[in-house]
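One structure is given here, and the rest of the page talks about it.
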Amino acid sequence: MRRRPQSTSAATTKPEVSEEPIAPSWVAQRPQRSPFVWLTLFLAIAYGSWGVFHYQFESLPAPLTAEQAGKRGFSEFSALEHVKALTQLGPHSVGSDALHLALQYVLAEAEKIKKTAHWEVDVEVDSFTAKSGANRMAGGLFKGRTLVYSDLNHIIIRILPKYAPEAVDNAILVSSHIDTVFSTGGAGDCSSCVAVMLELARGISQWAHGFKHAVIFLFNTGEEEGLNGAYSFITEHPWSKSIRLAIDLEAMGIGGKSGIFQAGPDPWPIETFAAVAKYPSGQIIAQDIFSSGAIKSATDFQVYREVAGLSGLDFAYADNTAVYHTKNDKLELLKLGSLQHLGENMLAFLLKIAASSHLPKVNTMVEEDNKGQSTAVYFDILGTYMVVYRQHFANMLHKSVIAQSLLIWTTSLLMGGYPAAISLALSCFSVILMWIFALSFSVLAAFIIPLISSSPVPYVANPWLVVGLFASPALLGALTGQYLGYLILHTHLSNVYAKKKQISPVIQADLIKSEAERWLYKSGSLQWLILLILGTYYKIGSSYLALFWLVPPAFAYGFLEATLTPARFPKPLKLATLLIGLAVPILISAGGFIRLAGTIIGTVVRLDRNPGGTPDWLGNVIVATYVAAVMCLTLVYLLSYIHLPGAKKSIVLSTCLLFGLSLAVVSLGIVPPFTKDTSRAVNVVHVVDMTRSFDEKQDPRSYVSLFSSTPGKLTKEVEQINEGFRCGRDKVVDLVTFSVKYSCWTFDDTDSGWSESDVPTMHVDSDTRGDERITRVLIDTKGSTRWSLAINADEIEDFTFKDAGSSEELVLVGDMSSVDGWHIMQFSGGKNAPTRFDLTLFWMKNSTRLDHKVEGKREEGTPLLKLRTDMDIVTPKVDRVLSKLPPWCSQFGKSTSPHTFAFLSNLPVNF
């Protein structure tokens with residue numbers, strides 16, 4: 001068979017192999033993003049974050065009138081009448097006449113509720129006076145202290161169905177406190193809570209005929225003096241034995257949304273609340289921070305958990321935290337809708353649990369809580385829906401995500417080989433550099449501000465200044481650090497691509513930039529993966545944030561960007577990847593981050609617990625560190641988009657301009673650091689100092705002391721007061737519960753307005769020595785029913801304390817703990833509280849103190865006892881100072897601080 005001849009062309013043509021480098025078909029132009037696109041993207045994310053915050057925390061329900069709410073509903077306008085009545089009484093601290101009037105008002109309202117209750121509902125009202133007692137908390141703010149109380153009065157309402165006798169044995173407690181600190185009328189803390197409870201009690205009295213459990217409303221006093229009201233009720237009142245669940249209402253600001261910041265140990269209450277609340281609000285990140293001790297505060301919920309072994313919920317108003325315990329905790333700043341928000345949530349919750357056949361058992365859940373498996377993880381989404389799941393589910397979910405993430409990373413590195421491993425290491429190094437530079441730049445700004453501003457914290461009254469003062473340098477630092485990492489990564493990738501001869505140098509440069517951008521983006525997910533691993537290991541509830549910042553961005557990258565083979569060339573990241581990846585994390589966490597920033601800024605007002613004991617820059621460093629940390633955590637994905645040509649210069653110039661303008665505003669005093677509604681926390685105290693070293697008799701030293709818990713000098717304030725004050729650090733005032741290391745003082749005109757007959761005495765009645773040394777000291781606080789005593793724990797092993805008049809034992813021998821070598825005893829009580837006490841001290845067996853005299857004088861030593869007694873006295877000098885106090889200043893009250901007059905005395909070790 002003859003073969004058909006091939007055509008000439010087919011026979012002679014051979015495929016040509018090009019010697020030129022290959023250009024990928026998708027490369028049409030060099031990858032770049034204009035400054036306008038990046039700025040628009042940044043502003044969109046910022047605006048979206050602010051929108052989330054506003055909707056989640058600032059959007060409040062419309063307040064209802066009594067007619068709109070009806071007999072069974074909750075009316076904010078009715079509750080506001082209670083707030084108005086209580087705040088008009090002025091400050092009502094323990095032992096004051098104003099507190100007696102406040103108690104009478106609440107009692108009268110309780111009697112009205114009893115008269116108007118549903119005919120099938122029993123309403124019992126009890127005006128209860130707690131006898132003397134002592135409270136030693138195991139941990140928290142009052143660790144190392146004994147809190148003694150006497151003559152505390154509470155109003156208690158119990159509401160239960162008439163025809164369900166078993167309800168009396170199972171009760172739900174709703175609690176808050178009537179008393180305030182001496183410096184405020186307490187519209188927020190906690191007249192708003194009392195008002196909500198009164199209105200809830202009125203509504204519940206119309207519903208309770210269908211309940212299976214009683215509801216007890218406790219209006220206690222003594223909370224501000226160390227949780228004594230809750231403790232005295234739990235340990236003394238017969239109704240406390242029937243309580244199965246506790247709900248505490250608190251405030252660390254004024255108004256806004258009252259959110260849950262403590263829940264458990266049993267997860268049932270928070271699960272039920274999430275299911276029925278109309279406007280659920282609560283974040284476990286607040287619980288994690290509060291329980292860590294970072295916020296120096298305590299609530300009655302600690303008593304209900306530690307002492308009574310109860311599960312429950314702790315709510316708090318946290319808007320405008322800068323006004324906490326100052327004159328600005330006033331009705332005018334209480335936002336409309338605040339009480340309606342809490343009231344409607346609480347009413348729905350109480351109706352559900354009071355009719356439920358299930359209530360948590362007392363104490364049994366505490367052991368499970370310690371195992372970390374039954375606690376609840378909770379957070380709300382935009383204040384409209386609450387997510388709740390248990391810790392054991394969180395552990396499984398987190399471990400599953402961690403395992404899958406590690407598998408993906410391992411597979412990616414195996415496919416990419418050694419170059420991919422180096423690229424990963426360098427991208428992680430860029431994250432480290434980002435953190436270093438962001439923290440350095442923002443902290444540097446924190447040190448600069450006190451040097452150029454009249455106040456070290458000039459942003460308290462205008463928190464938006466933080467954006468320019470700290471966020472802009474943090475952004476500049478993060479960008480600088482990541483760009484340096486980008487350059488190092490770029491160098492490594494250049495060496496890798498240099499081996500690929502088939503790609504043209506021009507295209508290589510663009511591919512290197514695109515791949516470097518991708519590695520930087522992926523390093524952000526690795527950062528959050530590490531945080532998720534740590535959070536899961538330590539069972540931190542708020543580690544859900546790492547989950548949401550890891551999974552959606554990783555999913556978006558995998559869906560839109562991931563290449564399944566190294567042979568594919570990298571492309572520039574799509575903007576859609578960023579938008580899709582960040583949508584869910586911003587929705588979940590942006591509001592909480594902004595809210596926490598506001599809380600930190602507000603607490604700067606009372607940062608210095610020992611005035612003058614912390615440097616002026618410390619508050620700035622705390623705020624700057626938080627801002628820088630949030631920016632590094634959340635902007636790591638966004639910043640990876642910035643390194644393509646065209647955007648960096650404009651961003652650097654913009655941040656520098658914003659920072660410069662903010663510094664100019666601060667240095668020129670264009671906006672004041674404090675205003676009449678956001679005040680600096682100060683104290684004006686007339687001190688009569690009777691402390692001595694060895695002399696048997698010490699003449700009193702009388703002076704007025706002006707000090708501040710807010711960082712900064714008092715020069716401007718003293719100039720305006722013009723009462724002969726001298727300021728400095730050369731006069732340290734030991735106020736027993738804390739020390740004042742920077743203050744202003746004057747001795748002028750301080751001898752009037754007080755009497756030496758009120759000076760407290762400490763008399764050694766006996767001092768026996770044998771196998772152990774026992775000393776008996778008689779203490780007379782004269783007219784003071786609020787005092788603090790420090791016992792030298794280096795010398796004293798234990799003690800007993802009793803009322804000298806009735807011989808009632810107030811404190812028995814027990815484990816005497818101490819902090820910084822001192823055990824603090826704080827006493828507060830009503831007008832009928834005792835003032836004469838018998839203190840028995842048991843010395844350490846290895847005490848080396850000498851009792852002999854040296855050259856006619858007893859050997860000098862540290863005091864054995866230090867006593868401060870507080871009096872409700874305003875001397876003429878203090879009155880003049882307070883009248884001249886600038887409007888941007890406010891007296892600040894707390895359980896450890898004196899009011900306006902204090903006697904100081906001590907007993908030397910070698911008495």
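Reckoned from all heavy atoms, side chains included, excluding hydrogens, waters and symmetry mates.
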Closest heavy-atom pair and its distance - [X], [Y]:
| X | Y | value |
| --- | --- | --- |
| Phe261 | Ala316 | CE2-CB, 3.3 Å |
| Thr116 | Gln206 | O-NE2, 2.7 Å |
| Glu76 | Gly337 | OE2-N, 2.9 Å |
| Pro267 | Ala376 | CB-CB, 3.8 Å |
| Glu225 | Asn228 | O-ND2, 3.5 Å |
| Val106 | Val194 | CG2-CG1, 4.1 Å |

Can you tell me how the ring of [X] sits relative to the ring of [Y], calling it parallel under 30°, perpendicular over 60° and tilted otherwise?
| X | Y | answer |
| --- | --- | --- |
| Tyr231 | Tyr149 | perpendicular |
| Phe219 | Phe217 | parallel |
| Trp268 | His358 | perpendicular |

**OP:** Test Phe837 against Phe827 for ring-ring contact (aromatic ring centres under 6.0 Å, His included), laying out the working first.
**Re:** CA-CA 11 Å; Phe837 305 94; Phe827 182 94; 5.3 Å; yes
Would you check if [X] and [Y] make a side-chain contact, meaning some heavy-atom pair closer than 4.5 Å?
| X | Y | result |
| --- | --- | --- |
| Ile157 | Met197 | no |
| Glu809 | Thr800 | yes |
| Ser297 | Glu250 | no |
| Arg606 | Lys296 | no |
| Ser242 | Val168 | no |
| Leu350 | Trp207 | no |
| Ser75 | Glu199 | yes |
| Glu124 | Trp239 | yes |

Atom [atom1] of [X] and atom [atom2] of [Y]: how far apart are they, to the nearest 0.5 Å?
| X | Y | atom1 | atom2 | answer |
| --- | --- | --- | --- | --- |
| Lys894 | Glu224 | NZ | CD | 13.0 Å |
| Gln283 | Met386 | CD | CE | 7.5 Å |
| Gln302 | Phe290 | CD | CZ | 7.5 Å |
| Leu331 | Ser191 | CG | OG | 9.5 Å |
| Arg72 | Ile204 | CZ | CD1 | 10.5 Å |
| Leu99 | Thr221 | CG | OG1 | 5.5 Å |

Subject >> Check: Gln340/Tyr279 side-chain N/O donor and acceptor closer than 3.5 Å >> reply: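 The criterion, which ignores hydrogens and geometry beyond distance, is not satisfied for Tyr279 and Gln340.
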**OP:** Using only heavy-atom distances, determine whether the side chains of Arg136 and Thr146 contain a donor-acceptor pair under 3.5 Å.
**Re:**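 Arg136 vs Thr146: donor-acceptor pair found between side chains.
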Any donor-acceptor N/O pair, [X] side chain to [Y] backbone, under 3.5 Å:
| X | Y | answer |
| --- | --- | --- |
| Ser59 | Gln56 | no |
| Thr599 | Arg595 | yes |
| Asn135 | Leu147 | no |
| Tyr304 | Leu173 | no |
| Gln826 | Ser895 | yes |
| Ser311 | Leu245 | no |
| Ser175 | Asp248 | no |
| Ser150 | Gly829 | no |
| Asn220 | Ser176 | yes |
| Asp189 | Asp329 | no |

Original post:
Thr129: what forms a side chain to side chain donor-acceptor pair (under 3.5 Å) with it, not counting sequence neighbours?
Top reply: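 Applying side chain to side chain donor-acceptor pair (under 3.5 Å) to Thr129 gives Asn153.
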Original post:
Do Val196 and Tyr317 pass the side-chain contact (heavy atoms from CB on, under 4.5 Å) test, and can you show the C-alpha distance, the side-chain angles, and the key distance before you say yes or no?
Top reply: CA-CA 12 Å; Val196 167; Tyr317 288 112; 4.1 Å; yes
Subject >> Test applied, side chain to side chain donor-acceptor pair (under 3.5 Å); reference residue, Tyr105; option that passes from His82, Gln88, His100 >> reply: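 For Tyr105, the side chain to side chain donor-acceptor pair (under 3.5 Å) test succeeds with only one of His82, Gln88, His100, which is His82.
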Original post:
Only one of His237, Arg158, His154 forms a side chain to side chain donor-acceptor pair (under 3.5 Å) with Asp126, so which one is it?
Top reply: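 Among His237, Arg158, His154, the one that satisfies the side chain to side chain donor-acceptor pair (under 3.5 Å) with Asp126 is His237.
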**OP:** Dump the intermediate steps for side-chain contact (heavy atoms from CB on, under 4.5 Å) on Lys831 and Asp97, then the final yes or no.
**Re:** CA-CA 9 Å; Lys831 293 182 179 297; Asp97 292 333; 2.8 Å; yes
Can you confirm whether more than 12 heavy atoms, excluding those of [X], are under 6.0 Å from its [atom1] atom?
| X | atom1 | result |
| --- | --- | --- |
| Lys71 | NZ | no |
| Tyr55 | OH | no |
| Lys162 | NZ | yes |
| His209 | NE2 | yes |

**OP:** Decide side-chain contact (heavy atoms from CB on, under 4.5 Å) for Phe349 and Ile247; before the verdict, give the C-alpha distance in whole Å, the side-chain angles of both, and the deciding distance to 0.1 Å.
**Re:** CA-CA 11 Å; Phe349 180 52; Ile247 303 161; 3.5 Å; yes
**OP:** Take Asn328 and Asn320 through the side-chain contact (heavy atoms from CB on, under 4.5 Å) test and state the conclusion after the steps.
**Re:** CA-CA 10 Å; Asn328 294 315; Asn320 203 357; over 6 Å; no
Original post:
Would the Phe273 and Phe315 ring centres measure less than 6.0 Å apart?
Top reply: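 Phe273 vs Phe315: aromatic centres under 6.0 Å.
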Does [X] come within less than 4.0 Å of [Y], counting only side-chain N to carboxylate O?
| X | Y | result |
| --- | --- | --- |
| Asp288 | Lys539 | no |
| Lys361 | Asp266 | no |
| Arg202 | Glu109 | no |

